[in-house]
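Below is one structure, written out as structure tokens; the observations come after it.
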Amino acid sequence: MLTTRQILLWLIPIPFLLGICLLAGSSGFGLPDTATATGRALLELRLSRLLTGFVVGAALSCSGCALQAVLRNALAEPYVLGVSSGGSLGAALVIATGLSALTPLALPGGAFLAAALTLLLVCLLAGRSNGYSPNTLILTGVVTGSMLSSLLMLLLSFAQTRAVHSITWWLLGNLQATSWPLILSVTLLVTLALGVLCCEARTLNALLLGHEAAYNLGVRTRFSVPLILTAATLAAAAAVAVSGIIGFVGLIVPHALRRLAGANHRTLLPCAALFGGTFLVVCDTFARTLFAPHEIPVGVITALSGGPFFLYLLTRKGRQPLA
Amino acid sequence: MRAQPPATVDHARRKNRDPRNGRAPGAPRRLLVPLALLLLAGCARPPAEQPADAGLRLISTAPHLTECVCAIGARDALAGRTESCDYPPEAVRDIPVTGGFGTPWLEPLLAARPTHVLETVLADPEIRRRLDALKIPVVHVPCTRLAEIPDALRQLGTLTGHAAQAEALASSIRSGLDAAQAENARRANRPRVLLLFAPDTPITAGRHAFIAELLALAGGMNVGRDASADYYHVSVEWILEQNPDLILCVFETSGHDPLTLFGSQTGWNALDAVRHRRVYTVPDLNTVSRPGPRVLEGLAQLRDILVADARRSSPSDPAAPVSK
């Protein structure tokens, strides 16, 4: 495990990495010529993509951290409560009905709305029984998610070929956000959600011991658990709305960081935001430059690069995943 | 697997399927025994409704094959079509639907008692093996490229016994394409065109896509021509770098101006095509994306767009493409 000083040392390369990512693009390496309109647009495009990547990476990593702790499940990830299926269905509906041809905000708006509704549904259903027990939550989320996924498949089987292409591409995840108002509102929402999670860091530490133990330690579980679930899942929903489904980051970054920085959420959550964001930006840089002008889904890179590293961490020493 | 053209199809719904294929709803139970007896009797001799010489019963697995068969006057030979087939509307309406584009559904296909299945691109090669196992002859009609259309028509003409009509249509298309080729050779000024297939993700076409061939013949230069893939996703950064002269939207816009869509997206405003409002939509998507008998109409559509654009963008430029 790293000491605080070592963690701070690890932070130093982050700005440089982000700078390199800004210089790389499918049109070549280097700062675009800002004297021309095209150059300015290129820079704007890369900046917007960098910011989107960072925000989405941070949102997914922190969301994964919090959900793994509150659900006490090593397999928990940002999409475990069904937001990905809900968001996909919303986005697919917007694409299939042709609303996405009207305004660029229709697609993220529809995805976020559907994801938030799914979260509400899952929380209402799971809260009816024994007060948000982890297993009930996970099962409710998984079952709701599968039902929404089958609705999505039904939609896909009837959709026009053109819409099928767009929906499939959206499902694979893409970080090219369409407009600044969208990016800024997502950034705001994610910042708020992560702020809430960081404020609840001590609660998360207590929840790792089990909900009952946390209650006995003075945690108001009936209030804190839904709050954390909502904040974590809304951050994920915002990420889904702007970038589609990007897998792996929310599962692997939290585990890797827990191995490196420890399971104390007061350091883990900020680390997850910074490293998760940077990780996704770097992966996205590869996704858009490796086979230029073809773009490949960023999820391919996150899984192929993060997977082996995580497996190495996992097999290095025999620690429990959530410890 | 070959990518299917994204903009090709307006799907007819399965409910349009011929009612003859559907079971009669709520058949009284007491009829079941006589019906079963009838079925048993039916096994002994050939079905009564099938004439001795049933003739051709073709299944089309692509909307442009359906168009080709109808265009050479062999509509009556069609026993099944895809849910995407919508042209000619009055001719295809009554043909039972036996599958999607490139994806035949075996049960309705068998129910249509086909003698041949016509195929140009199948989504899954396994289907072909299944049909072979069922002893249904599958006729491959190469018809995905511009140059293949006349021969596809001739092949279908020979198959259906409408060789003369097919030959006439094929040679008129051939001469139309040749004339366009000759006109194209004289053209000095070719605008660089970005083909765009979706409003929400930048998908463009490589040089081998049918519409890209059509665009080249109409006098445009496809900026995605370096790629050999038919359709592929590109980054907005690549589009900015290419900076096309005009953008051709090959998707359903439902009457909305695509300019307003692009104008509000990051980066797009720096494109010359957007700033000079040289963004166009194709009125009839099917004629430009189906390699079928209406290819000359599709070509004319693209040429009209390019001619109108040249007139608007440089009214006094003598090098601009001229209308025929």
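Put simply, the side chain of A:Asn174 does not reach to within 4.5 Å of the side chain of B:Thr201, judged on heavy atoms. Side-chain contact between B:Glu241 and A:Thr38 is absent, with no heavy atoms from C-beta onward closer than 4.5 Å.
Looking at A:Gln176, only its side chain comes within 4.5 Å of chain B, counting heavy atoms on both sides. When heavy atoms are compared at a cutoff of 4.5 Å, A:Ser48 approaches chain B solely by way of its side chain, counted from C-beta outward. For a residue to count as touching a neighbouring chain, one of its non-hydrogen atoms must lie under 4.5 Å from one of that chain's; by this rule A:Leu42 touches chain B with backbone and side chain alike.
Between A:Ala41 and B:Ala270 the shortest heavy-atom distance is CB-CB, 3.1 Å. The heavy-atom pair separating A:His165 from B:Ile203 by the smallest distance is CB-CD1, 4.0 Å.
No more than 12 heavy atoms of other residues, nucleotides or ligands shown are found within 6.0 angstrom of CZ on B:Arg130. In the displayed structure, B:Glu126 atom CD is contacted under 6.0 Å by more than 12 heavy atoms of other residues, nucleotides or ligands. Surrounding CZ of A:Phe29 are more than 12 heavy atoms belonging to other residues, nucleotides or ligands, all under 6.0 Å away.
Most heavy-atom pairs under 4.5 Å with chain B: of the set A:Arg40, A:Glu295, A:Glu44, A:Arg49, this distinction falls to A:Glu295. The greatest number of non-hydrogen atom pairs below 4.5 Å with chain A, out of B:Glu237, B:Gln242, B:Arg275, is found for B:Glu237.
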